[in-house]
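The analysis underlying the following values was restricted to heavy atoms, covering all of them including side chains, and did not include hydrogens, waters or symmetry mates. Residues: numbered from 1 along the sequence shown.
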Amino acid sequence: HGVTLDAGEGAYLDVWSGSSPAGRGIQIGSAMRGEVQIRPGSRIMGNYLDGILVNGGEDVQIDDVFVGANSQAASGTYNGITIGANVTGWKVRGCKSGDLPSGSNLQGYGLYVNSGCNHYIVTGNDFRDNVTGTMYVLDIGTSKVIKDNLPNTPQTRTGAGAVTLTEPL
């Protein structure tokens, strides 16, 4: 992995993390207890798996970050930004997670949110030009803000618990 935060009390990242040949650009582990901020202008690109995987932390903030051309292992299998199950209190704001000018985008979704997440904000992002779709949220939680993202089109899921997501939620 480019940057791995397995445990600790917090981190402030201003990074360019790319071309991790067998891993993710940034991985935040479930034992991470402190706040994590990925700063504006950071670039997470061309990684083998997800660009960013968040499985822990408190008050994780991903702000104005460029994420693209990830999932080099297999087209559509991994995402630009993946939020793990039951992660709460996080924010993704003002990011571009999709096709970037200098890479071949293979990532499935710009943002993929697993079940059990709550108390989160997703605003002002550009999730266009991903292989599978823009944003996928397994369940929308009871306390969240999802608005003003591109493209602003409904997403429909089929199967158990099928819903149509239309912004704002």
Side-chain angles (χ1 to χ4, degrees), residues 1-18 24-45 47 49-68 70-71 78-100 107-130 132-155 163 165-169:
H1 304 294
V3 175
T4 300
L5 302 172
D6 285 330
E9 293 296 326
Y12 176 90
L13 303 173
D14 187 0
V15 299
W16 186 96
S17 180
R24 296 171 171 89
I26 297 175
Q27 180 170 306
I28 301 170
S30 59
M32 186 68 183
R33 296 181 301 161
E35 62 284 334
V36 176
Q37 186 174 48
I38 303 173
R39 298 292 298 150
S42 293
R43 189 168 189 253
I44 316 302
M45 184 174 176
N47 295 288
L49 306 175
D50 301 288
I52 300 171
L53 173 64
V54 179
N55 277 326
E58 296 177 18
D59 195 22
V60 173
Q61 298 179 22
I62 304 170
D63 294 320
D64 299 308
V65 173
F66 298 98
V67 182
N70 296 293
S71 193
Y78 299 95
N79 307 297
I81 303 167
T82 297
I83 308 295
N86 303 311
V87 176
T88 63
W90 51 271
K91 300 168 188 74
V92 176
R93 301 175 294 204
C95 296
K96 166 63 174 161
S97 182
D99 195 23
L100 297 179
Q107 56 195 41
Y109 291 94
L111 174 66
Y112 189 96
V113 181
N114 281 284
S115 62
C117 294
N118 222 342
H119 307 295
Y120 60 87
I121 298 171
V122 179
T123 60
N125 299 287
D126 183 348
F127 296 131
R128 294 176 297 151
D129 303 321
N130 289 285
T132 309
T134 57
M135 176 174 56
Y136 193 85
V137 181
L138 283 173
D139 62 39
I140 60 171
T142 57
S143 176
K144 80 295 179 213
V145 174
I146 300 176
K147 68 176 192 165
D148 299 332
N149 298 291
L150 292 174
N152 190 359
T153 57
Q155 286 199 319
V163 297
L165 299 178
T166 304
E167 293 189 27
L169 296 176

(message) Within the structure provided, determine whether Asn125 and Leu111 are in side-chain contact (heavy-atom separation under 4.5 Å).
(response) no
(message) Between Val36 and Trp90, is there a side-chain heavy-atom distance shorter than 4.5 Å?
(response) no
(message) Test: salt bridge (Lys or Arg N to Asp or Glu O under 4.0 Å). Region: residues 6-16. Which pairs qualify, not counting sequence neighbours?
(response)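 Pairs touching residues 6-16 that pass the test: Glu9-Arg33.
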Using salt bridge (Lys or Arg N to Asp or Glu O under 4.0 Å) as the criterion, list what pairs up with [X], not counting sequence neighbours.
X      : result
Arg39  : none
Asp126 : Lys96, Arg128
Asp129 : none
Arg93  : Asp63

Least distance between heavy atoms, [X] atom then [Y] atom:
X      : Y      : result
Thr123 : Asn149 : C-OD1, 3.5 Å
Asn55  : Gly84  : OD1-CA, 3.3 Å
Cys95  : Asp64  : SG-N, 3.8 Å
Asn114 : Ile83  : ND2-O, 2.9 Å

Supply the atom-to-atom distance [X] [atom1] to [Y] [atom2], rounded to the nearest 0.5 angstrom.
X      : Y      : atom1 : atom2 : answer
Ile26  : Ile62  : CD1   : CD1   : 7.5 Å
Asn79  : Phe127 : CG    : CZ    : 11.0 Å
Gln107 : Ser97  : CD    : OG    : 4.5 Å
Ser42  : Trp16  : OG    : CH2   : 12.0 Å
Leu13  : Ile44  : CG    : CD1   : 8.0 Å
Leu100 : Arg43  : CG    : CZ    : 6.0 Å

(request) Tell me, please, which residues at least two apart from Tyr112 pass ring-ring contact (aromatic ring centres under 6.0 Å, His included). (result) Tyr109, Tyr136
Set of side-chain hydrogen bond (donor to acceptor under 3.5 Å, both in side chains) partners for [X], sequence neighbours left out:
X     : answer
Asp59 : Gln61, Lys91
Asp50 : Arg24, Thr82
Asn47 : Asn70

